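Because the structure is a prediction, the values reported are computed rather than measured. We count ligands from 1, going down the list as the structure has it; atoms in each ligand are counted the same way. For the single chain, residues carry numbers from 1 onward in sequence order.
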Amino acid sequence: MRFVILGAGTAIPATAHSPAGIYVHIGREHVLLDAGAGTLQRLQAAGLPWHQLDRVFLTHYHLDHCLDLASILFALRLPDVGRRKPLMVYGPPGLTRLYRQLNTAFHGWIAPRGFRLILKEVSQTTVRLPGYAVQTRRMRHDDTGAVGYRLTGQGRSLAYSGDTDVCEEVVELGRHADAFILECSVPDERKAAGHLTPSECGRLAAAARCRHLILTHFYPVFQGDDIRGRVRRAYQGRLTLARDFTRVIL
Ligand SMILES: [Zn+2]
Ligand SMILES: [Zn+2]
């Protein structure tokens, strides 16, 4: 399994921190976790096969996590791309309604052509797929039913929180994970409901006993803060602060 953080930031523009998106190659599939604005362009910039995506897993419907679903669907329907295989999109309840409303707003221009689009709404479940499995857990973010995803295949596991506050489910999600990707939105001194701070990320990673903690979703409010120092108070394992295009092989 290998993955690339395509965006380590949020909705607010920041250097090296674009909106959320993670490309994962697992089994024989090309998978996307979240699709914030610009994700399609960054897939191309990273030399990744955006036209071959098999599945997209959305954590929730804030625009910094899902806006480029429309761009991807629009690109895949163009004749030059020659898309034939189906695309499966997963997300919390509301996915079908979101798709229909977007397609109406865009006058039908994101409806699939030449391939099948399959939408699956998920909450707390396990999806078995060719060569790997995906577990979903409800996160504590807002009232949109945000979920986190855990991908397990070839004896390796990758957990991704999406956006969340501290909760038991996020610890479960990251339990003994080979890679635990946690949102780290704001400094300890600027705690915001529905998001995590560096100290909280450290405590969650220690409780989950993950092998490698990767922090992402940095708001530009971080200005020279000692993020590592705060995480290290609780967690001593491997630690990476993601930037756009951080690559990890598990
Ligand atoms: Zn976000
Ligand atoms: Zn959010």
Side-chain angles (χ1 to χ4, degrees), residues 3-24 31-43 56-72 89-95 97-99 101-102 121-124 136-150 158-167 169-170 173-174 179-188 190-198 200-201 204-205 213-223 225 227 240-246:
F3 60 92
V4 182
I5 309 269
L6 296 163
T10 66
I12 300 182
T15 308
H17 291 162
S18 301
I22 303 168
Y23 165 85
V24 187
V31 170
L32 194 57
L33 306 178
D34 277 340
T39 296
L40 180 60
Q41 284 292 333
R42 285 189 296 283
L43 279 165
V56 178
F57 295 90
L58 301 175
T59 59
H60 63 300
Y61 307 124
H62 286 157
L63 278 74
D64 55 324
H65 297 257
C66 71
L67 189 63
D68 252 21
L69 177 63
S71 312
I72 291 166
V89 180
Y90 303 77
L95 178 64
R97 192 182 46 159
L98 176 75
Y99 166 74
Q101 291 180 341
L102 282 174
E121 298 192 351
V122 292
S123 186
Q124 302 234 105
T136 57
R137 283 281 174 275
R138 277 289 298 273
M139 297 291 104
R140 191 155 81 86
H141 181 46
D142 61 0
D143 54 5
T144 65
V147 297
Y149 293 100
R150 181 182 174 117
L158 157 64
Y160 169 51
S161 66
D163 287 359
T164 191
D165 207 324
V166 174
C167 59
E169 286 78 8
V170 73
L173 193 77
F180 190 14
I181 305 172
L182 274 181
E183 73 121 291
C184 182
S185 290
V186 288
D188 290 10
R190 298 280 300 269
K191 169 67 181 175
H195 288 293
L196 298 174
T197 67
E200 289 170 339
C201 289
L204 291 171
L213 173 63
I214 298 158
L215 300 184
T216 185
H217 201 269
F218 299 109
Y219 272 98
V221 63
F222 284 108
Q223 295 287 347
D225 298 74
I227 298 174
T240 299
L241 308 188
R243 296 167 64 90
D244 291 5
F245 303 114
T246 292

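The distance from the Zn ion (ligand 2) to the nearest N/O/S atom of D163 is under 2.8 Å. Distances from the Zn ion (ligand 2) show that H65 has no N/O/S atom below 2.8 Å.
If you check the side chains of H62 and D163, you find no donor sitting under 3.5 Å from an acceptor.
I214 places none of its side-chain heavy atoms less than 4.5 Å from the side chain of L182.
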### Task
Take H141 and T164 through the test side-chain hydrogen bond (donor to acceptor under 3.5 Å, both in side chains) and record every step on the way to the result.
CA-CA 4 Å; H141 181 46; T164 191; over 6 Å; no
### Task
Take H217 and H195 through the ring pair (Phe, Tyr, Trp, His ring centres under 6.0 Å) test and state the conclusion after the steps.
CA-CA 10 Å; H217 201 269; H195 288 293; 5.5 Å; yes
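Looking only at N/O/S atoms, H62 comes nearest to the Zn ion (ligand 2) through ND1. Closest approach between the Zn ion (ligand 2) and any N/O/S atom of H141 involves NE2. Note on H217: its N/O/S atom closest to the Zn ion (ligand 1) is NE2. With respect to the Zn ion (ligand 1), D64 has OD2 as its nearest N, O or S atom.
Between Y160 and Y149, the gap from one ring centroid to the other reaches at least 6.0 Å.
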